[in-house]
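Residues take their numbers from the sequence shown, with the count starting at 1. Hydrogens, waters and symmetry mates play no part in the numbers below; they use all other heavy atoms, side chains included.
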Amino acid sequence: METPAIQDYLAAIYDLAGSQKPVIGARLARHMKISPPSITEALQRMQREGYIRLTPKHEVRLTAKGFSIAETMARRHRLIERWLTDVLGLDWAGAHDEAHRLEHAISPVVEEKLAHLLGMPSTCPHGNPIPGMEPALPPHEHFSLAEARVGQELAIDRITEEGEADRQLLKFLWDNGVRPGVALAVTEVAPYAGTVTFRIKGHPVTIGLAAASKIWVYEPATLPSARARPGTRMSERAG
């Protein structure tokens, strides 16, 4: 059996891969708030044990073995977050922290019961897909809020897992009503100041471009009407 520490590393790699950017040791170290030497040692161990492989460009890729474990941890974490927010009433930041502690203890039986209790939700509270669930929306184009243009009418798709790891950002978004599915209008993009301003229900919100890059949005008018199909799995087999 893999240790909780290995599960955490694999889940973090899975989360970062979901942002469609290369996963390298330095990025993983920042995300997990662990020193680069410790990350290097852990990656070497996981490679020896067959959980990951490292490409010639030092990108971290999950093997089929590692992906299976990572996907299970992501599913449990996101289901627990949904339960903690929808049923127990915790806010985003509290739910994320509690889910991280509980995900290692939950059994497959409880995991399945929890999914049915919650109505088989397709996403976590932050909008990230729950593995094994049917998507609620058809496939659509999304991009980061940092790439938005003034005057665009958009809807929030999700807060990335990197955004979830930032407690201050989660609290700020929660307090300002930034939720998946909520509409917003971009009123100012100021690269010189490093900020983007938008309005939600008439309320102005200004955030830094670095934070905006962790928020994915889409144009509702371009949303296809076709029934969603399950997406491609992010395993080594797909890359």
Side-chain angles (χ1 to χ4, degrees), residues 12 15-23 26-27 30-31 33 74 77-78 81-82 84-86 89-97 99 121-130 133 135-228 231 234:
D15 290 342
L16 292 179
S19 66
Q20 301 173 352
K21 298 177 184 177
V23 181
R27 187 176 170 217
R30 288 194 300 271
H31 180 66
K33 298 178 175 61
H77 180 93
R78 295 171 189 181
E81 281 184 324
R82 180 59 75 183
L84 291 171
T85 56
D86 293 3
L90 270 65
D91 63 19
W92 276 359
H96 182 73
D97 291 345
S122 61
T123 68
C124 77
H126 315 93
N128 292 299
I130 298 176
M133 299 299 190
L137 292 176
H140 58 278
E141 294 293 329
H142 53 241
F143 52 93
S144 82
L145 184 56
E147 302 172 85
R149 303 185 305 276
V150 172
Q152 280 189 300
E153 301 283 340
L154 305 169
I156 298 165
D157 187 54
R158 68 181 71 169
I159 313 302
T160 69
E161 287 287 349
E162 285 182 281
E164 285 191 51
D166 187 335
R167 282 187 58 89
Q168 289 185 322
L169 176 59
L170 278 188
K171 185 177 187 309
F172 177 83
L173 298 179
W174 177 270
D175 290 343
N176 284 277
V178 179
R179 308 279 196 280
V182 170
L184 62 85
V186 181
T187 58
E188 182 183 60
V189 178
Y192 57 87
T195 62
V196 56
T197 300
F198 53 94
R199 299 185 74 84
I200 291 182
K201 299 179 180 178
H203 170 64
V205 181
T206 299
I207 62 173
L209 291 174
S213 70
K214 300 173 184 177
I215 303 171
W216 287 8
V217 293
Y218 63 95
E219 296 184 276
T222 64
L223 192 67
S225 58
R227 178 63 178 166
M234 298 180 299

Could you give me the CA-CA distance, side-chain angles and deciding distance for Phe198 and Leu145, then say whether side chain to side chain contact (heavy atoms under 4.5 Å, CB included) is met?
-> CA-CA 10 Å; Phe198 53 94; Leu145 184 56; 3.6 Å; yes
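- For Arg167, the salt bridge (Lys or Arg N to Asp or Glu O under 4.0 Å) test picks out Asp97, with sequence neighbours left out.
- The side chain to side chain donor-acceptor pair (under 3.5 Å) test applied to Glu147 returns Ser144, not counting sequence neighbours.
- By the salt bridge (Lys or Arg N to Asp or Glu O under 4.0 Å) test, Glu161 pairs with Arg78, sequence neighbours left out.
- Side-chain atoms of Leu173 and Ile215, non-hydrogen and from C-beta on, do get closer than 4.5 Å to each other.
- Within the 3.5 Å criterion, the main-chain N or O of Gly127 finds no donor-acceptor partner in the side chain of Asp157.
- Annotation: side chain of His77 is in contact with side chain of His96 (closest heavy-atom distance under 4.5 Å).
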Could you walk me through whether Thr160 and Asp15 pass the side chain to side chain contact (heavy atoms under 4.5 Å, CB included) test, one step at a time?
-> CA-CA 8 Å; Thr160 69; Asp15 290 342; over 6 Å; no
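- Contact detail for Pro125 and Thr85: the closest heavy-atom pair is CG-OG1, 3.2 Å.
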Start with the C-alpha distance between Leu154 and Phe143, add both sets of side-chain angles, then the distance that settles side chain to side chain contact (heavy atoms under 4.5 Å, CB included), and finish with yes or no.
-> CA-CA 10 Å; Leu154 305 169; Phe143 52 93; 3.8 Å; yes
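- The side chain to side chain contact (heavy atoms under 4.5 Å, CB included) test applied to Ala193 returns Ala190, Thr195, not counting sequence neighbours.
- Listed for the Arg27 side chain is a donor-acceptor partner under 3.5 Å among the backbone atoms of Lys21.
- Between the CD1 atom of Ile156 and the OH atom of Tyr218 there is a distance of 9.5 Å, given to the nearest 0.5 Å.
- Residues passing the side chain to side chain donor-acceptor pair (under 3.5 Å) test with His126, sequence neighbours excluded: Glu164.
- Remark: Pro180 pairs with Trp92 by the side chain to side chain contact (heavy atoms under 4.5 Å, CB included) rule, at least two apart or across chains.
- At a threshold of 4.5 Å between non-hydrogen side-chain atoms, the residues Glu81 and Leu84 do not count as touching.
- The shortest non-hydrogen separation linking Met133 to Pro121 is CG-O, 3.0 Å.
- Atom CH2 of Trp174 is separated from atom CD1 of Ile159 by 12.0 Å, given to the nearest 0.5 angstrom.
- With sequence neighbours left out, the side chain to side chain contact (heavy atoms under 4.5 Å, CB included) criterion links Val150 to Val189.
- Shown here for Leu170 and Ala93, the closest heavy-atom pair between the two residues is CD1-CA, 3.9 Å.
- Taking Arg82 as the reference, Asp86 meet the salt bridge (Lys or Arg N to Asp or Glu O under 4.0 Å) condition, with sequence neighbours excluded.
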Atom pairs and distances, donor-acceptor, side-chain atoms in residues 203-214, under 3.5 Å, two or more places apart:
unit_1	atom_1	unit_2	atom_2	d
His203	NE2	Asn176	OD1	2.9
Thr206	OG1	Thr197	OG1	2.8
Ser213	OG	Ala210	O	2.6

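- No side-chain donor-acceptor contact under 3.5 Å links His31 and Glu162.
- For the side chain to side chain donor-acceptor pair (under 3.5 Å) test, residues two or more places apart in sequence or in another chain that qualify with Lys171 are Asp175.
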Take Thr123 and Asn128 through the test side chain to side chain contact (heavy atoms under 4.5 Å, CB included) and record every step on the way to the result.
-> CA-CA 5 Å; Thr123 68; Asn128 292 299; 6.0 Å; no
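- Of the possible polar contacts, one joining the Arg199 side chain to the Gly202 backbone as a donor-acceptor pair under 3.5 Å is found.
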